[in-house]
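Keep in mind that this is a model prediction, so the values were computed, not measured.
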Amino acid sequence: MAIPNVRRFRITGPEGQQATLMAVLPKGMDQDVYVAEASKRFDWKSWQDQQQKQFKVRVGQQKQKKSK
């Protein structure tokens with residue numbers, strides 16, 4: 001089920017990374033000011049760690065045979 005009135009904003013980090021920010025803005029708020037403030041507060045180090053963990057490939061896990 002989707003949340004109504006959600007807007008997506010693409011923000012750019014200091015090293016050129018791009019992230020998508022989803023927010024519901026109150027009426028009368030300037031979206032440019034909100035995006036500028038949110039991009040300053042965004043935790044790029046944590047985001048980068050999450051991206052690395054998401055695509056990490058686990059190697060060497062094999063099913064062990066039971067010996068009798």
Side-chain angles (χ1 to χ4, degrees):
M1 186 164 98
I3 301 172
N5 302 327
V6 171
R7 306 235 5 218
R8 293 177 189 228
F9 303 101
R10 185 160 294 270
I11 57 175
T12 305
E15 298 173 3
Q17 314 98 307
Q18 289 191 347
T20 302
L21 181 69
M22 296 175 67
V24 177
L25 299 180
K27 287 185 179 180
M29 180 153 191
D30 186 16
Q31 76 181 35
D32 294 330
V33 173
Y34 175 79
V35 171
E37 180 187 344
S39 63
K40 287 179 189 174
R41 292 185 287 124
F42 195 78
D43 187 7
W44 287 104
K45 185 176 181 197
S46 174
W47 179 82
Q48 192 172 20
D49 291 342
Q50 273 187 333
Q51 294 298 315
Q52 288 175 351
K53 286 180 183 177
Q54 184 176 2
F55 297 112
K56 187 175 183 179
V57 177
R58 300 184 77 171
V59 179
Q61 289 188 348
Q62 298 175 352
K63 201 169 191 179
Q64 294 181 355
K65 294 180 183 178
K66 286 187 179 181
S67 58
K68 291 185 180 180

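The number of heavy atoms from other shown groups lying within 6.0 Å of CG (Asn5) does not exceed 12.
Take Val6 and apply the side-chain contact (heavy atoms from CB on, under 4.5 Å) test, not counting sequence neighbours, and it matches Ile3, Met22, Val24. With sequence neighbours excluded, no residue satisfies salt bridge (Lys or Arg N to Asp or Glu O under 4.0 Å) with Arg8.
Contact record, Tyr34 with Leu21: CE2-CD2, 4.2 Å, taken as the closest heavy-atom pair. When all heavy atoms are compared, the tightest approach of Ser39 to Trp44 is O-NE1, 3.9 Å.
A distance of 9.5 Å separates CD of Gln17 from CZ of Phe42, quoted to the nearest 0.5 Å.
In terms of hydrophobic clustering, with Ile, Leu, Val, Met, Phe, Trp and Tyr side chains grouped at heavy-atom distances under 4.5 Å, Val33 and Ile11 are assigned to different clusters.
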